[in-house]
Amino acid sequence: MAASSHRIMLGPLVAAIDQGTSSTRFLVFNSKTAELLSHHQVEIKQSFPKEGWVEEDPKEILQSVYECMERTCEKLTQLNIDITNIKAIGVTNQRETTLVWDKETGEPLYNAIGEVRFCFRHCLCTIYFILAQISHWLPVQCFCSVWLDLRTQSTVERLINKTPGRNKNHLKHKTGLPISTYFSAVKLRWLMDNVAEVHEAIVSHRAMFGTVDSWLIWCLTGGKSGGVHCTDVTNASRTMLFNIHTMDWDPELCKYFGIPMEILPRVRSSSEIYGLMKSGELSGVPISGCLGDQSAALVGQMCFQDGQAKNTYGTGCFLLRNTGAKPVMSDHGLLTTVAYKLGRDKPACYALEGSVAIAGAVVRWLQDNLGIISSSEELEKLAASVCTSYGCYFVPAFSGLYAPYWEPSARGIICGLTQFTNKSHLAFAALEAVCFQTREILDAMNQDSGIPLTQLQVDGGMTSNRLLMQLQADILCIPVVKPSMPETTALGAAMAAGAAEGVSVWSLNPEDLTEVTSEKFEPQINPEESEYRYARWKKAVQKSMNWETTEPVVSSCETSIFSSVPLGFYIMGSMLMLIGARYIAGQCLLNC
């Protein structure tokens with residue numbers, strides 16, 4: 001009897017599929033309290049067949065969704081929660097990842113192609129390949145699969161060559177985006193040019209294109225037996241084929257990329273019933289919410305007002321700032337994107353987006369490359385033991401500087417070192433670097449939007465570092481607000497699904513929104529000190545620029561004998577000496 005009463009008190013439930021780059025999760029929320037009741041997670045395998053590219057198996061992604069659903073339903077049953085109370089399902093997904101499949105067989109025609117990721121291993125492979133080509137001695141063919149990633153860059157260059165003045169921002173007035181390898185249209189163009197199965201399916205009118213959300217919704221609503229081929233405005237706005245003003249696919253953009261419009265999914269709002277689940281324990285439940293992951297986090301953080309912003313701290317940082325009903329074009333290297341459209345008859349809201357390439361990645365670098373910490377928790381303890389960088393500044397421009405500088409010649413530097421500097425000061429400087437980079441993006445957003453930010457909402461793995469959050473508040477000179485419930489991305493998708501017309505179990509009216517408990521970090525230093533430290537950071541950034549040049553290095557030091565030996569002979573000679581030494585040693589052992 002008590003268990004039955006408990007079910008009734010819960011009220012309607014809403015679920016969310018959170019399909020990310022490294023894992024898939026299925027989460028179930030109470031629509032009245034926003035409480036997370038249960039979830040399950042499955043890791044996704046990634047492959048790197050070409051240098052810098054991430055590929056995943058679309059069928060594995062789909063299977064992981066089914067597995068997460070099944071396991072979560074089992075957990076809810078064990079908690080004595082009636083799964084028939086799940087009234088809607090939302091989808092949030094990794095954006096830009098590109099898929100093409102056969103609508104007649106339901107089979108993917110190629111792996112899902114993801115975005116470029118920073119990877120030290122890949123950088124080393126590339127350097128080794130370059131050395132091989134220079135020397136003409138090492139077996140170049142062994143590294144072709146690594147080097148050929150430049151195929152996508154060449155596609156971009158070919159496209160830019162078609163624009164007046166070779167302007168990469170030629171399409172920005174329609175898309176809000178520069179022509180870049182990052183967005184889906186370029187990946188789709190490459191698939192059409194290089195994968196025979198994709199080309200043949202397009203010619204025979206069997207091909208369907210979509211981002212991960214489209215693939216999942218199509219499969220879950222029936223697949224080749226009547227599945228719904230659609231996407232939402234937030235995912236569509238990351239393809240470079242979508243006009244963010246007309247809110248639909250643009251014929252001129254499709255013509256520019258040479259992509260037939262018939263293969264594109266229908267664009268829908270972020271909150272409406274797209275179709276019903278066709279199999280499993282949740283068969284018949286409507287799929288009624290869809291948002292790209294960063295937009296979902298914006299909704300989950302309830303940043304519905306013009307000027308509100310959130311920052312997600314992961315390997316990098318993703319900052320989105322709500323700019324209201326009109327798109328704001330950036331003059332400072334930021335992207336203009338669709339934030340959400342919460343209903344067919346509701347207006348679209350836009351956002352400015354900026355990203356920091358190296359955030360959590362700097363922790364991994366200190367751990368794996370320098371070995372000064374063994375875990376992220378140790379980094380916080382080290383930094384907290386000194387609470388100052390002692391004038392040390394760390395600019396982690398490992399692969400150049402991104403927004404707002406866009407300076408590929410920059411390289412990482414650590415400056416301001418003295419005899420007193422130790423690893424604790426370096427740990428503090430690393431955390432400060434994340435905060436300084438975030439401030440640079442927010443300064444650019446303030447200039448573009450003309451509206452000063454009053455507080456920053458935060459989420460992501462690094463927000464568990466309390467020192468980092470306090471540093472962020474100090475450096476921004478505004479409060480930083482961290483929700484106690486960390487699953488803001490999935491929550492945003494669930495909110496959109498529950499609020500859809502025909503479901504209506506989750507009200508998005510400001511007066512009805514559940515007050516989410518949070519922790520607020522107030523600035524604890526005076527603005528003058530913050531500005532002084534920020535100015536020193538900017539000085540360090542300038543020192544990191546123009547580091548990588550193509551000019552020959554001329555040394556005034558005495559020339560080494562090895563400088564007269566061609567690189568190939570030097571490397572090959574070293575290898576032969578090593579093999580010879582091992583052979584001689586082996587012979588000596590045999591003769592003894």
Side-chain angles (χ1 to χ4, degrees), residues 21 48-56 58 93-101 108-118 122 147-199 201-202 207-215 231 234-244 249-261 263-265 267 292 294 333 335-338 353 355 357 399 402-403 406 408:
T21 307
F48 304 88
K50 307 294 180 183
E51 173 60 30
W53 282 93
V54 179
E55 291 190 6
E56 296 175 341
N93 58 286
Q94 49 175 310
R95 304 173 300 172
E96 295 97 16
T97 297
T98 303
L99 300 91
V100 181
W101 65 95
L109 298 172
Y110 196 77
N111 277 343
I113 299 181
E115 66 271 21
V116 175
R117 297 280 182 174
F118 180 78
H122 287 165
W147 185 251
L148 283 176
D149 179 60
L150 291 178
R151 64 189 178 185
T152 314
Q153 184 58 44
S154 65
T155 302
V156 169
E157 290 170 0
R158 188 174 73 249
L159 291 166
I160 291 176
N161 284 336
K162 299 195 319 185
T163 68
R166 302 191 72 255
N167 180 12
K168 68 178 181 181
N169 291 318
H170 178 64
L171 307 177
K172 193 173 181 179
H173 67 289
K174 285 189 174 186
T175 66
L177 311 171
I179 302 171
S180 165
T181 58
Y182 193 70
F183 305 109
S184 305
V186 174
K187 299 169 187 176
L188 176 55
R189 182 66 258 171
W190 184 89
L191 286 169
M192 292 169 62
D193 291 339
N194 293 275
V195 179
E197 292 84 354
V198 171
H199 175 75
I202 289 175
M208 283 183 164
F209 154 77
T211 43
V212 171
D213 57 305
S214 299
W215 165 247
T231 188
T234 67
N235 282 293
S237 72
R238 310 295 290 189
T239 61
M240 296 203 75
L241 303 172
F242 183 77
N243 188 317
I244 62 174
W249 303 121
D250 189 287
E252 290 184 0
L253 292 173
C254 292
K255 182 179 180 181
Y256 175 82
F257 287 98
I259 292 171
M261 297 184 70
I263 72 172
L264 305 179
V267 181
Q294 300 307 321
L335 305 179
T336 303
T337 193
V338 179
E353 179 174 337
S355 58
S399 53
Y402 290 71
W406 301 110

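Since we're looking at a predicted model, the values are computed, not measured. Numbers here simply count residues along the sequence, with the first being 1.
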Open item on the list: Looking at Lys172, I want to see if its NZ is surrounded by more than 12 non-hydrogen atoms of other residues, nucleotides or ligands under 6.0 Å.
Closed with: yes
- [ ] Using the test salt bridge (charged side-chain N to carboxylate O under 4.0 Å, His left out), find all partners of Arg166 that sit at least two apart in sequence or belong to another chain.
- [x] none
Search all heavy atoms of [X] against all heavy atoms of [Y] and return the closest pair with its distance.
X: Thr231; Y: Thr211; result: OG1-OG1, 4.0 Å
X: His170; Y: Pro164; result: CE1-CD, 3.4 Å
X: Pro265; Y: Ser214; result: CG-OG, 3.7 Å
X: Val186; Y: Ser180; result: CG2-O, 3.3 Å
X: Leu99; Y: Thr97; result: CD1-O, 4.0 Å
X: Gly210; Y: Trp101; result: N-CZ3, 3.7 Å

- [ ] Applying side chain to side chain donor-acceptor pair (under 3.5 Å), name anything that partners Asp193, two or more places apart in sequence or on another chain.
- [x] Arg158, Arg189
What is the distance from atom [atom1] of [X] to atom [atom2] of [Y], rounded to the nearest 0.5 Å?
X: Ile160; Y: Asn169; atom1: CD1; atom2: CG; value: 9.0 Å
X: Thr336; Y: Leu177; atom1: OG1; atom2: CG; value: 8.0 Å
X: Glu56; Y: Thr21; atom1: CD; atom2: OG1; value: 6.5 Å
X: Asn111; Y: Leu191; atom1: CG; atom2: CG; value: 10.0 Å
X: Thr175; Y: His173; atom1: OG1; atom2: NE2; value: 8.5 Å

For residues 252-260, which side-chain N or O atoms pair as donor and acceptor with protein atoms under 3.5 Å away, sequence neighbours left out?
unit_1	atom_1	unit_2	atom_2	d
Glu252	OE1	Lys174	NZ	2.7
Tyr256	OH	Leu159	O	2.4

TODO: Show your reasoning for whether side-chain contact (heavy atoms from CB on, under 4.5 Å) applies to Leu188 and Ile263.
DONE: CA-CA 11 Å; Leu188 176 55; Ile263 72 172; 4.1 Å; yes
- [ ] Go through the steps for Lys168 and Thr163 under the test side-chain contact (heavy atoms from CB on, under 4.5 Å), then give the verdict.
- [x] CA-CA 8 Å; Lys168 68 178 181 181; Thr163 68; over 6 Å; no
Side chains of [X] and [Y] in contact at under 4.5 Å (non-hydrogen atoms):
X: Val195; Y: Val100; answer: no
X: Phe209; Y: Thr98; answer: yes
X: Pro178; Y: Leu335; answer: yes

Could you pull out all donor-acceptor pairs under 3.5 Å where a side-chain atom in residues 235-244 meets a protein atom, sequence neighbours excluded?
unit_1	atom_1	unit_2	atom_2	d
Asn235	OD1	Asn93	ND2	2.9
Asn235	ND2	Asn93	OD1	3.2
Asn235	ND2	Asp213	OD2	3.4
Asn235	ND2	Asp232	OD1	2.9
Ser237	OG	Val233	O	3.4
Ser237	OG	Thr234	O	2.8
Ser237	OG	Thr337	OG1	3.1
Arg238	NE	Glu96	OE2	2.6
Arg238	NH1	Glu353	OE1	3.1
Arg238	NH2	Glu96	OE2	3.1
Arg238	NH2	Glu353	OE2	3.4
Thr239	OG1	Ala236	O	2.7
Thr239	OG1	Leu241	N	3.1
Asn243	OD1	His245	N	2.8
Asn243	OD1	Thr246	N	3.2
Asn243	ND2	Asp250	OD2	2.9

Open item on the list: Any side-chain to backbone donor/acceptor pair from Trp249 onto Met261? Under 3.5 Å, distance only.
Closed with: no
